[in-house]
Structures are given as C-alpha cells and as structure tokens.
> 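First the structure, which I've put down as structure tokens, then a few questions once you've had a look.
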There are 2 protein chains.
Amino acid sequence: MKNTPKQPARTWGPGLHPARDETPKTLAGRVAQQLRQDIIRHRLEPGERLQFEKLSKLYEVGTSPLREALFQVAAQGLVVAEDHKGFIVAPIQFDEMLDVSNLRANLESYAIRGAIRDGREEWEVDLLAAFHRLKRAGIAVAADQDDEDRRTEWEDRHREFHYALCKGCGSPWLLHFFDELYDHMERYRRYFWKYAERAVAADSEHEAIMKAALDRDEERAATLLQAHFQKQAKLTMSLRKKVERATAEVS
Amino acid sequence: MKNTPKQPARTWGPGLHPARDETPKTLAGRVAQQLRQDIIRHRLEPGERLQFEKLSKLYEVGTSPLREALFQVAAQGLVVAEDHKGFIVAPIQFDEMLDVSNLRANLESYAIRGAIRDGREEWEVDLLAAFHRLKRAGIAVAADQDDEDRRTEWEDRHREFHYALCKGCGSPWLLHFFDELYDHMERYRRYFWKYAERAVAADSEHEAIMKAALDRDEERAATLLQAHFQKQAKLTMSLRKKVERATAEVS
DNA sequence: ACTGTCAAGATTTTCGAAAATCGAATTCTG
DNA sequence: CAGAATTCGATTTTCGAAAATCTTGACAGT
C-alpha cells in the first residue's frame, strides 16, 4: 500500500474561518482584531484615513504586519482600500445598514429553518444557555442605561444568541456570512447609541423566537425572526432621521 | 459656512467590492487575481502547500505582495492560512460544495425576488443580453465538448447570466456574497469536468427562469431557480460517487 | 482669469535581509 | 528503553530602507 494520497495526509486547516475566539499567534492577526474592534467601537471614525505612519505608532508594529491586517479587515468591508491611495475606515451609509439588516433577516431565517430541521440536542441546549445569558445581560443594562461595559456585555450576548439560533443549521458558509454581517450591524447599532436615549431590549421577542425554535415550529420561528428584524429596521429608520438632523447641524 | 464635514469631502471608495473587472494597479492585487484563477482552474492542486519561495519564483514578486495576495484570497476561502505554518490551497470537500450550492439557491432566490420587485428596465435589458450570450456560448460548447476555451467561455457567460439575474435587487452585499460563492462553485464544477463525459447545458432552464423574471412573476421565477439548483445538486451528487471511486483507486 | 505642465513633498508599495517560530531529529535523563 | 528536553534546519514573519506612485502647488502660456 503506497502512501501517496492526493489530499495531504493531515487534513490541515478547517474548511474556513479563523475561528472567532482563539487569539492569533501572529502580529498581523492581532492588529487585525484590534482594528476591527476599534472600528466597530468607533475609536476610529467612519471615513477616517488610515495612514501607515500613524497606525504604525498606534499599534506599535511595522508596515508589513499592519498592511496585512488592513487587507484582512478590508476583505470584510470594515475598511476600504484603494490602490496607491491607502485605506480608510468604511464610511457610515444608512442604505448599507438597511441592506445588511435585510440580508441578515433572510439569512438567519434560512438558517433557523435548517437548524429546526437538522439541529441536534446540543444545539437546543446551547440556545437555551445563550438566551439565559442574554436575559441576564438585558436586566443589567436596564438597571443602568449609560454603563458602557454593560451595553458591551449585552451586545456580546446578543450576538451569541443570534449565532446560537443559526448554529444548528450546520452550514459553515452561512455562519461565516453571519459573522461578517453582524460586525457591520453592531457598528451601526453602536453608532446609534450616541443618539438613542434608551436601549431597545426586546427580550420578549428573543424569547418567543427561541421557544418557537425549540418547539421545532419552522414557520412560526421564521415569521417571528422576520418580524424581529423588520421592527428593528423601522426603529433604526426613525433614528436615522434624527441622526441626519444632528449631523446636518454640525456642518 | 465652515468647511468641516465629519465625513470626508470626497466620498472615497465605494461601499465595498474591488470591482470585478478592473485590473488592480498594485502587484499584490494582480497576484491575488492570478492566484484565484490558478486555484479555480486547478493549476494549483487542492490541498497543495503554497510556499513563499516557490510562489515568489512562479509569479516573480517579492514576499510582501505575495503575502498580501495570499491574505486576500484566504479571506475568500480559496486558500487556508494557519499562523506560522503557511498557506495551502483550500481542499476539495464535497460537503462544502453542497453547502455552497444550497446557500446560492437561497441567496439567488432572494435576489431574484428583489430584482423582480425593484429591477429597472436596464436590468431587463442586461438580463436579456446575458442570456443571449450564454446561449451562443452553449451552442459553441455543444459543437466541441473537449475544447477547453469554449468551456471557459461558457463558464464566464454562465456566471454573468446568474449575476444579471441577481443584479437588479440592488443589494451590494448580496452581490458580494454572490461573487465569493460563485468562485467556489466554479472550482467544483471544473473539478468535475475531469470526470463528467458531457457538459450539462440546461439552457432551457435558464431561459425559463429569465422569462419568469421578465414576466415579473416572483413565485414562478423563484421556484424555477430553486429547481435549477436542486437538479444541479443531484447531478453533482451522483458524480461525487464516481469521483470518490476514481480517487480511491489512486490511493 | 483659466488651463495645463512640471517639480517637490508626502505616502504607499515593494524589496531583501534579519528575527522569530515551528517540526523533527537528536541527545540527555531516569 | 521510554520520555522529556534540546538543538538544528527549514519556513514563516517582521523590520527598515529603497523604489514607485500619487497629490499639491507653483508657474507659464493662452
């Protein structure tokens, strides 16, 4: 028996995904993560120019890893690259936000249907746990609306809850797209924090969706999820006007 | 009136997309395109290790642009990166192919519905033109099944046809995902060319879909599109077995 | 006053060598 | 002899400087 398989002996990497949780061992990777965070959290302003000299000092790395990091984040759309002109933080565009929201609605509906059909017990358990954590975080936020850390905590739990909903579908590509889209959505949500007086908890909606999912009721779950997104979209649209007035004053 | 808008004066890049057609002005970008092509067209084998020295000679560039190119393509999933271990060409995984196919079915259905609702006359015209070109390319392929160039031509037209279907939906993000997924799908399709005796033209299906779209019949168009994908999936599943037998013999 | 050309300055992109990391073979230890 | 620690060669990653490109502003011509 000859040992010459066409595929390499060890099935190297995963199919995809840098695996969200594990920290990169390389400088470029670490900088990429920091960049993502700094953009989503608005430490870097939308449309801001990202010059190598500045970033090099800020993150304390040379140009090579910095450049690689920028390309990684650019592939995700959080920064925009133009040849020989440099990089900028992706500008805020409300139309894009709507686009992202709509796509998420479609994608997550599709995912939840798949999960309800194929999801195993592990999926159910994880989902339940994720909701529990989301609920607790929601209570904490309600207690003090202005606590940045609590909102961040809630934001993380919120992501994990939606992720848990989708996870059972067993589609790596879908989960990959989920990650990309969610980052953008979070950026927009945080952008609104500055203008919205109160956080919209909507935990009851989340609970209803979860219950439908655990009941294995495809139609109900998908419908509720769609409604969830639609409501959110309407809310942000109304905020949009407020923001546009506010920014109009500035200029 | 003070000139200090928060957003930069010129609305720099587009929201997204390196714009498929235009050739990059930078070495890194060019190499990235070549890499994509070489992977999709199987000039580089699935699972093959991509060492800097080799690629550096092959593409005649230094390590910096090469590295950047690899990251760009890795973000797309055509190569897999692992820290301090290097890059490999993404392995062929039939499960992934199914995943990609299913997601495409969902995404393109969603897109075509949007296009039928919102698509303007320009969309209709482009779609018609795309189909015409696809048809001609199909005839050329039928005349000589083994002509590599004709199959490539058909493949390009096929992509453009499906793209034209989706384009009217006006969702940049969806079109972005379309691009990513299609590249992978094409790679798998080309992989099968080695094992399939005859190309499956299925132009009649394409025509039916187009007509439904031009009739602005959402349901019919979406249903036909879904069926189109389902049929394709079944076909490839049967080929899969054949391929697995063939590769089993090799090892 | 308007337009186009050209040089200077600033910035990005690329190269080539140095540093860091990994995997495997080798040596040391119990 | 088994298992842990170590050294070595190969490869990736990073740095710093050189080359290429773009932008700005001055200047000349119409």
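Values below: all heavy atoms of this structure, side chains included; hydrogens, waters and symmetry mates excluded. Every value quoted in this text rests on a predicted model; they were computed, and no experiment measured them.
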> Rounded to whole angstroms, how far apart are CD on Glu53(B) and C1' on dG9(D)?
13 Å
> Heavy-atom nearest nucleotide on DNA chain D for Gln51(B) versus Glu68(A): which residue maps closer to 5'?
Gln51(B)
> Write down the protein N/O and nucleotide N/O pairs, taken from nucleotides 15-19 of chain D, whose separation is under 3.5 Å; answer none if there are no such pairs.
from	atom 1	to	atom 2	distance (Å)
dC15(D)	OP2	Gly62(A)	N	2.7
dC15(D)	N4	Ser64(A)	OG	2.9

> Just the rounded figure in Å: distance from P of dT11(C) to CD1 of Ile88(A).
16 Å
> In whole angstrom, give the distance that lies between atom CG of Leu66(B) and atom P of dT12(D).
10 Å
> Specify the separation, in whole Å, of atom CZ of Phe87(A) and atom P of dT11(C).
15 Å
> Phe52(A) vs Phe87(A) aromatic rings, parallel, tilted or perpendicular, using cut-offs 30° and 60°?
perpendicular
> Would you call Arg43(B)-Asp38(B) a salt bridge at under 4.0 Å N-O?
yes
> Take atom NZ of Lys25(A) and atom C1' of dC22(C), then tell me their distance rounded to the nearest Å.
10 Å
> Check the angle between the aromatic planes of Trp173(B) and His184(A) and answer parallel, tilted or perpendicular using the 30° and 60° thresholds.
perpendicular
> Taking the six-membered ring for Trp, are Trp154(B) and His158(B) parallel (under 30°), tilted (30 to 60°) or perpendicular (over 60°)?
parallel
> Could you check whether Glu153(B) pairs with Arg150(B) (Lys NZ or Arg NE/NH1/NH2 to Asp/Glu carboxylate O, under 4.0 Å)?
no
> Tell me whether Arg159(B) is salt-bridged to Asp179(B), with the criterion being a basic N under 4.0 Å from an acidic carboxylate O.
yes
> Please report, rounded to the nearest Å, how far the P atom of dT14(C) is from the OH atom of Tyr59(B).
16 Å
> dG23(C), OP1 or OP2 - any side-chain N/O from Lys85(B) closer than 4.0 Å?
yes
> Flag the pair Glu155(A) and Arg151(A) as a salt bridge only when some basic side-chain nitrogen lies within less than 4.0 angstrom of an acidic carboxylate oxygen.
no
> Could you state the CD-C1' distance from Glu82(B) to dC22(C), rounded to the nearest angstrom?
11 Å
> Both Gly29(A) and His84(A) contact DNA chain D. Which one's nearest nucleotide lies toward the 5' end?
Gly29(A)
> Measure CZ/Phe52(A) against C1'/dT14(D) and give the value in whole Å, please.
15 Å
